[in-house]
Amino acid sequence: MTGTDVQKEAEDSGPSGYAAARLRLLTEEARSGPPRRAALAELTDDWLTGLFAAGAEGLRGASLVAVGGYGRGELSPRSDLDLLLLHDGSDTKAVAALADRLWYPVWDLGLDLDHSVRTPAEARKTAGEDLKVQLGLLDARHIAGDLGLTASLRTAVLADWRNQAPKRLPELQELCAERAERQGELQYLLEPDLKEARGGLRDATALRAVAASWLADAPREGLADARRRLLDVRDALHLATGRATDRLALQEQDQVAAELGLLDADTLLRQVYEAARLVSYASDVTWREVGRVLRSRAVRPRLRAMLGGGKPTAERSPLAEGVVEQDGEVVLARAARPERDPVLPLRAAAAAAQAGLPLSLHAVRRLAATVRPLPTPWPAEAREQLVTLLGSGRPTIEVWEALEAEGLITRLLPDWERVRCRPQRNAVHLWTVDRHLIETAVRASEFTRRVSRPDLLLVAALLHDIGKGWPGDHSVAGEIIAKDVAARIGFDRHDVAVVATLVRHHLTLIDTATRRDLEDPATVRSVAEAVGSQGTLELLHALTEADALATGPAAWSSWRGSLVADLVERVSAVLAGDVPDDPEEAAPTAEQERLALEAAATGSPVLALRAQTEPPVGQEPSGDPEPLGVELLIAVPDQPGVLPAVAGVLAMYRLTVRTAELRSLHLPDGVDGSVLLLDWRVAAEYGSLPQAARLRSDLVRALDGSLDIAGRLAERDAAYPRRRGVVAPAARVSVHPAASRLATVIEVRSQDAPGLLFRIGRALEDASVQVRSAHVSTLGANAVDAFYVTGPEGAPLPGDEAASVARKLEETLRG
């Protein structure tokens with residue numbers, strides 16, 4: 001039977017004919033999705049038109065209007081009918097009788113009905129008081145009666161909406177936020193509400209309302225398909241359950257998947273999650289644009305008055321090379337060339353997350369369209385920017401989602417595709433696999449002060465469940481994938497092995513602590529053998545806690561934490577032979593010795609700048625080595641204040657210190673005096689490197705006290721107020737008395753920041769200790785620095801004095 005035949009049967013046979021035609025339409029296998037929803041709406045229109053004609057004979061000034069989902073022509077099998085009987089108020093008795101002739105047949109068929117009877121003035125007044133009514137009227141569609149009456153109401157409602165948008169849109173946004181808080185996020189729920197949860201059909205409708213306001217519009221790409229997919233799932237859910245429900249319960253997912261011709265319930269959930277993720281991202285972008293437009297409208301009149309008219313230019317503040325902040329978003333600098341700078345997506349993402357700002361939609365799309373793939377292995381900067389992004393805490397999530405929405409994550413990490421939107425059918429887990437991995441990295445960022453290699457912790461957190469996209473034990477599969485990914489992003493063989501071990505054994509501590517006898521020495525020995533070293537144990541302990549906290553509240557407790565801590569202490573005792581010896585002093589290179597001799601002869605600093613390179617991971621030096629930045633070699637006659645002077649001058653020039661070594665150099669026999677040698681790797685925060693002559697000149701002034709570094713840095717900080725950015729864990733300063741026989745080792749773990757090394761150096765100078773050597777490394781956004789210090793006579797500090805120095809240094813860094 002054709003669609004025309006079905007409609008004719010409905011018209012000819014009254015309610016029973018409509019019911020039969022409706023049933024036939026819903027059971028036709030050949031018709032589903034948008035065609036069936038449109039056909040059902042058309043069939044219902046024809047039936048209601050017949051009811052209206054029969055009940056409105058002789059009545060003028062009345063019309064029947066579909067609103068809401070029915071107004072959009074999107075009738076699911078068990079959708080309710082949203083109807084407005086509109087009238088001009090001239091014959092209220094006749095309108096009341098007509099209403100009875102319309103509503104009762106609908107109720108007799110057991111259909112849900114949301115109905116109202118109003119004049120145009122009443123409809124507009126109610127809409128002004130009730131946002132939900134106004135949203136429904138935005139989709140008003142004429143069914144029967146006086147077309148002019150319906151058209152005039154539509155015109156008036158749209159005009160009201162556009163005029164009131166500055167007031168109503170914030171109200172709508174708050175409504176969406178309250179609903180999301182109540183219902184959760186559709187893209188992560190095991191039993192999601194397709195309509196009410198964040199990223200569901202109500203949010204898609206809200207985006208239509210924003211577009212109708214002409215104030216802002218949602219990103220259109222893929223949005224219609226995402227909405228259609230959610231509606232298709234709801235149709236199948238209605239048919240599978242026979243009920244008007246929007247909740248996709250676990251027991252119905254297999255049947256719904258079969259109704260849609262999908263492989264299984266996991267495939268169904270993954271499609272739902274992908275659609276919800278797209279709607280959520282579009283919502284975030286749209287509401288951000290709404291806020292920007294409303295703020296600019298509020299500020300512009302005042303600015304015009306101050307500037308004497310004209311449109312003000314948006315302020316652009318630099319964040320990193322090729323990346324700036326504008327209007328509360330991170331955008332690309334005008335001079336940025338993504339097609340020539342494959343690290344730019346990670347640099348922009350890291351800068352955005354560190355500043356606590358969103359990446360602009362335009363910037364992400366431009367990067368996705370033009371950026372070249374990263375070489376394999378990645379350049380050192382790319383690896384550092386990824387670590388910085390992962391270590392930025394909560395802001396990482398929004399930035400990561402922006403990259404993922406445009407396909408940049410799977411281009412950077414192809415193995416991510418298997419875990420993207422993958423459901424976890426475990427009540428303990430709150431998130432999909434991919435979101436759980438990001439949540440674990442966010443949690444791990446809180447523990448970066450507990451470990452000596454925060455970069456390995458953060459990357460292992462990102463990869464620990466990467467094997468869940470493959471058959472078999474996900475830890476075993478994940479170890480193989482983690483080795484490949486860690487090597488591809490540029491870690492050396494040792495670090496690759498550590499990351500692989502962390503992924504392979506990320507469940508070992510929690511499983512052993514809660515299921516094995518810790519009094520049995522064999523239990524502890526087996527863990528020690530699996531872990532291998534104190535450093536890896538330290539990382540695994542932090543990863544275990546981050547993984548559990550990111551799983552959900554049921555996965556971690558103080559009891560579990562105490563069991564794991566007890567196991568770690570026992571394993572650490574077994575591994576206690578790993579106490580480091582005093583570092584051996586490497587023989588100086590010919591260039592280092594030349595600089596040292598020149599500094600001793602002239603009595604002033606001597607420096608050299610040169611490009612630094614390293615061979616690709618796993619290969620011998622050959623071909624074109626990878627540029628790492630710039631190596632800065634400085635030889636200075638031994639004197640107080642060298643460390644803060646050099647660090648301060650570099651901070652003035654916005655040079656980021658990636659690694660740094662400071663040591664006293666023994667001069668050949670016959671050469672008087674001693675020389676400090678500094679071998680540092682630096683990179684420009686943005687812009688070009690300064691000339692060596694300028695660096696040397698300022699360094700001379702800093703050492704003789706004529707350059708006020710602290711004042712210059714304070715002036716710069718005042719000129720560029722600190723952004724809210726990411727809230728990093730507090731600095732942690734510790735003393736390691738057993739690490740050296742010749743000096744006291746003070747270790748600093750802190751968030752990297754401009755001038756950090758200057759502040760540390762000055763604090764150590766103020767404490768009247770001598771820095772015998774320093775070993776500084778910047779791992780993403782984290783600084784892990786070790787300082788070998790002595791007292792004025794060259795002996796290690798007494799225990800209480802060392803603790804006092806560490807305490808004062810920690811207070812300085814936290815101040």
Residues in salt bridge (Lys or Arg N to Asp or Glu O under 4.0 Å) contact with E122, at least two apart in sequence or another chain: none

For a side-chain contact (heavy atoms from CB on, under 4.5 Å) check, start with the C-alpha distance between W47 and R22, then their side-chain angles and the critical distance, and finish with the verdict. CA-CA 10 Å; W47 176 51; R22 178 187 174 93; over 6 Å; no

Note: [X]-[Y] ion pair, threshold 4.0 Å (strictly below):
X    : Y    : value
E401 : R277 : no
D232 : R228 : yes
R202 : E196 : yes
R366 : E406 : no

Dump the intermediate steps for side-chain contact (heavy atoms from CB on, under 4.5 Å) on R36 and L75, then the final yes or no. CA-CA 8 Å; R36 181 169 60 197; L75 273 186; over 6 Å; no

Please assess L430 against T551 for the test side-chain contact (heavy atoms from CB on, under 4.5 Å), listing each intermediate value before the final yes or no. CA-CA 6 Å; L430 292 178; T551 298; over 6 Å; no

Please tabulate, for side-chain N and O atoms in residues 96-116, each donor-acceptor pair with protein atoms closer than 3.5 Å (sequence neighbours left out).
from: S116; atom 1: OG; to: R118; atom 2: NH1; distance (Å): 3.3

Dump the intermediate steps for side-chain hydrogen bond (donor to acceptor under 3.5 Å, both in side chains) on Y273 and D434, then the final yes or no. CA-CA 11 Å; Y273 293 161; D434 56 342; over 6 Å; no

Closest non-hydrogen atoms of S280 and G199, given as atom of the first, atom of the second and distance, are OG-CA, 3.3 Å

Taking all atoms of both residues into account, what is the closest heavy-atom pair of L359 and A402, and its distance? CB-CB, 4.5 Å

To the nearest 0.5 Å, how far apart are [atom1] in [X] and [atom2] in [Y]?
X    : Y    : atom1 : atom2 : result
L84  : L137 : CG    : CG    : 6.5 Å
L367 : H362 : CG    : NE2   : 9.5 Å
L135 : R208 : CG    : CZ    : 11.5 Å
L268 : Q255 : CG    : CD    : 12.0 Å
Q271 : D266 : CD    : CG    : 12.0 Å
R411 : L413 : CZ    : CG    : 12.5 Å

Check: [Y] main-chain N/O paired with [X] side-chain donor or acceptor under 3.5 Å:
X    : Y    : value
D465 : K468 : no
H238 : S76  : no
T205 : L201 : yes
R270 : R420 : yes
T27  : R24  : yes
R418 : G469 : yes
S360 : A363 : yes

Checking L463 against I481 for the side-chain contact (heavy atoms from CB on, under 4.5 Å) test, could you report, in this order, the C-alpha distance in whole Å, the side-chain angles of both residues, the deciding distance, and whether it holds? CA-CA 8 Å; L463 299 177; I481 299 169; 5.9 Å; no

Check whether the side chains of [X] and [Y] place a donor and an acceptor atom closer than 3.5 Å, and report yes or no.
X    : Y    : result
T432 : R422 : no
Q183 : K195 : no
S283 : D203 : no

Please step through salt bridge (Lys or Arg N to Asp or Glu O under 4.0 Å) for the pair E252 and R243, ending with a clear verdict. CA-CA 12 Å; E252 282 136 13; R243 293 180 288 109; 3.3 Å; yes

Go through E221 and R365 one step at a time and tell me if the salt bridge (Lys or Arg N to Asp or Glu O under 4.0 Å) criterion holds. CA-CA 11 Å; E221 288 80 359; R365 287 189 171 166; 3.1 Å; yes

Is the number of heavy atoms from other residues, nucleotides or ligands under 6.0 Å of E57 CD greater than 12?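 Count not over threshold, so no.
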
Above 12 or not: heavy atoms from other molecules or residues under 6.0 Å from CD of Q173? yes

Evaluate E329 against R288 for salt bridge (Lys or Arg N to Asp or Glu O under 4.0 Å), listing each step before the verdict. CA-CA 9 Å; E329 291 184 326; R288 204 158 63 232; 2.9 Å; yes

Qualifying ring-ring contact (aromatic ring centres under 6.0 Å, His included) pairs with a residue from residues 173-217, counting only residues at least two apart or across chains: Y188-W431

Evaluate side-chain hydrogen bond (donor to acceptor under 3.5 Å, both in side chains) for Q424 paired with R435, printing each intermediate quantity in order. CA-CA 11 Å; Q424 304 204 79; R435 176 61 185 272; over 6 Å; no

Partners passing side-chain hydrogen bond (donor to acceptor under 3.5 Å, both in side chains) against T44 (at least two apart in sequence or in another chain):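 Checked T44 against side-chain hydrogen bond (donor to acceptor under 3.5 Å, both in side chains); matches are Y18.
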
Name all residues meeting the side-chain hydrogen bond (donor to acceptor under 3.5 Å, both in side chains) criterion together with E129; count only those two or more places apart in sequence or in a different chain, and write none if there are none.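 Partners of E129 by the side-chain hydrogen bond (donor to acceptor under 3.5 Å, both in side chains) criterion, ordered by chain and then number, come out as K125.
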
Worked check of salt bridge (Lys or Arg N to Asp or Glu O under 4.0 Å) between R394 and E439: CA-CA 8 Å; R394 283 286 143 201; E439 284 285 333; 3.0 Å; yes

Candidate pair H436 and H464, rule ring pair (Phe, Tyr, Trp, His ring centres under 6.0 Å), full reasoning: CA-CA 10 Å; H436 169 69; H464 75 278; 5.1 Å; yes

For residues 143-171, which side-chain donor-acceptor pairs fall under 3.5 Å, sequence neighbours excluded?
from: D146; atom 1: OD1; to: G148; atom 2: N; distance (Å): 3.0
from: D146; atom 1: OD1; to: L149; atom 2: N; distance (Å): 3.2
from: T150; atom 1: OG1; to: S63; atom 2: OG; distance (Å): 2.9
from: T150; atom 1: OG1; to: H142; atom 2: ND1; distance (Å): 2.8
from: S152; atom 1: OG; to: G148; atom 2: O; distance (Å): 3.2
from: S152; atom 1: OG; to: L149; atom 2: O; distance (Å): 2.9
from: R154; atom 1: NH1; to: A140; atom 2: O; distance (Å): 2.7
from: T155; atom 1: OG1; to: A151; atom 2: O; distance (Å): 3.0
from: D160; atom 1: OD1; to: R124; atom 2: NH2; distance (Å): 3.0
from: D160; atom 1: OD2; to: R124; atom 2: NE; distance (Å): 2.8
from: D160; atom 1: OD2; to: R124; atom 2: NH2; distance (Å): 3.3
from: W161; atom 1: NE1; to: A209; atom 2: O; distance (Å): 2.8
from: R162; atom 1: NE; to: A212; atom 2: O; distance (Å): 2.7
from: R162; atom 1: NH2; to: A212; atom 2: O; distance (Å): 3.4
from: N163; atom 1: ND2; to: A159; atom 2: O; distance (Å): 3.1
from: R168; atom 1: NE; to: E171; atom 2: OE1; distance (Å): 3.1
from: R168; atom 1: NH1; to: A127; atom 2: O; distance (Å): 3.3
from: R168; atom 1: NH1; to: G128; atom 2: O; distance (Å): 3.3
from: R168; atom 1: NH1; to: Q134; atom 2: OE1; distance (Å): 2.8

Chi angles and distances behind the side-chain hydrogen bond (donor to acceptor under 3.5 Å, both in side chains) call for T49, D46: CA-CA 5 Å; T49 298; D46 291 339; 5.2 Å; no

